[in-house]
There are 2 protein chains.
Amino acid sequence: MKKRSYSCGLDAAVDVVGGKWKALILWALHEGPRRFGDLRRGVPGISEKSLIIQLREMEHCGLVHREVYHQVPPKVEYSLTPLGESLNQALIPLGEWGEKHMETIEAIPAA
Amino acid sequence: MKKRSYSCGLDAAVDVVGGKWKALILWALHEGPRRFGDLRRGVPGISEKSLIIQLREMEHCGLVHREVYHQVPPKVEYSLTPLGESLNQALIPLGEWGEKHMETIEAIPAA
DNA sequence: TCAGGTACCTACCTTTTCTTCAGTATGGGA
DNA sequence: TCCCATACTGAAGAAAAGGTAGGTACCTGA
């Protein structure tokens, strides 16, 4: 969250789910609660540090819920809140678009 | 475009439309072609430089079309390609989500 | 002759984001 | 006694993104 006022709904949504990882993390949670280490493996390429930061921010925004089990070794489960769930629904068409045009996208030259 | 392979469709879509501005620019084009200066005014807060860079990248990806009119003073129109149009469609639910939850989002404390 | 308007480009700098790597706490098992 | 696994934290630095300020080119009209 950086802004306080938005020019449109998309502006607000991008502010919340923008960045390199948030959408992917949200997506990785859509089948139910997952542990930290499990999430880390489920979002290929992310570093521990980034994952934690993103999770904290999304928790702060009310998108994900964090449940600590006082065990040794520690166990923490992350899950979607209803708000996170609704956002995830809104991301489905975007995911489908990417799926459909993935070959086109991959064929774009780097330079 | 930074990656060559994606873990899922959403990953690919985020790679294409990620960042602070691309989604907003795409959105601003959804009613038809717009001139550079017009776009600049239509995407509040963006700097000239960022707008140009984003437009170039999206042109490169085949999302927008750039039409130069050889006039003085110069006139350049940007419009959506069919691919850009389809991506825009996929962004609609996200925009609606943002619209619906904007008050909630704005109420999130900064710290 | 000279400012005006449009669509840029370039250099420089700051801010933000991401990664890497090292380290912490806990208690069970070898 | 020491190592293991998990879920973190912190420092440091690189890389990416963004902003600012200046300049270019062209023709028009004053």
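Checking the phosphate oxygens (OP1, OP2) of C:dA7, a side-chain nitrogen or oxygen of B:Arg35 falls inside 4.0 Å.
Proximity note for A:Pro74 (side chain, C-beta onward) versus D:dC8, D:dT6, D:dA11: the nearest is D:dT6. Distance from the side chain of B:Ser47 is smallest to D:dT20 among D:dT20, C:dA7, D:dT9. Proximity note for B:Pro73 (side chain, C-beta onward) versus C:dC8, C:dT19, C:dG5: the nearest is C:dG5. Between D:dA7, C:dT19, D:dG18, one nucleotide has an atom nearer to the side chain of A:Lys49 than all others, and that is C:dT19.
Taking atom CD of residue B:Glu67 and atom P of nucleotide C:dA7, one finds them 14 Å apart after rounding to whole Å. Between B:Tyr69 atom OH and C:dG5 atom C1' the separation is 19 Å, expressed in whole Å. Taking atom NE2 of residue A:His70 and atom P of nucleotide C:dA25, one finds them 17 Å apart after rounding to whole Å. Atom P of nucleotide D:dC27 and atom NZ of B:Lys75 are separated by 18 Å, given to the nearest angstrom. Across the protein-nucleic acid pair, A:Ile53 atom CD1 and C:dT17 atom P stand 10 Å apart, rounded to whole Å. Rounded to an integer number of Å, the gap from CD1 of A:Ile46 to P of C:dC18 is 8 Å. Here D:dG18 presents its C1' atom at 13 Å from CZ of B:Arg40, a figure rounded to the nearest Å. Distance CD (B:Glu48) to P (C:dG5): 14 Å, rounded to an integer number of Å.
Across all strands, B:Tyr78 comes closer than 4.0 Å only to sugar-phosphate atoms, never to a base (heavy-atom distances). Using a 4.0 Å heavy-atom distance criterion, A:Arg66 is classed as a sugar-phosphate-only contact. Here B:Arg56 lies in heavy-atom contact (under 4.0 Å) with sugar-phosphate atoms only. Within the nucleic acid shown, B:Gln71 has no heavy atom closer than 4.0 Å to any nucleic acid atom. In this structure, A:Glu77 reaches neither bases nor backbone, as no heavy-atom distance under 4.0 Å exists between it and the strands shown. In this structure, B:Gly45 reaches the sugar-phosphate backbone alone: every heavy-atom distance under 4.0 Å involves primed, P, OP1 or OP2 atoms, never a base. Within 4.0 Å of A:Ser50, counting heavy atoms only, lies at least one base atom of the nucleic acid.
A donor-acceptor pair is defined here as one N or O able to donate and one able to accept, closer than 3.5 Å; such a pair exists between the side chain of A:Thr81 and the backbone of A:Gly62. When atom types are taken as modelled, the side chain of B:Asn88 and the backbone of B:Leu26 share a donor-acceptor pair closer than 3.5 angstrom.
If you check distances only, the side chain of B:Lys20 never reaches the base of D:dG18 with a donor-acceptor pair under 3.5 Å.
In this structure, B:Trp97 and B:His101 have tilted ring planes: the angle between them lies in the 30° to 60° band.
A salt bridge is defined here as a Lys NZ or Arg NE, NH1 or NH2 lying under 4.0 Å from an Asp or Glu carboxylate O, and A:Arg66 with A:Glu77 fails to meet this definition. One finds no salt bridge joining A:Glu67 and A:Lys75 here, because no Lys/Arg side-chain nitrogen approaches an Asp/Glu carboxylate oxygen to under 4.0 Å.
Applying the salt bridge (Lys or Arg N to Asp or Glu O under 4.0 Å) definition to pairs two or more places apart or across chains, those involving residues 38-47 of chain B are B:Arg34-B:Asp38, B:Arg40-B:Glu48.
Summary of the strand contacts: B:Val72 and A:Gly19 both lie near DNA chain C, and taking for each the nucleotide with the nearest heavy atom, the more 5' one is attributed to B:Val72.
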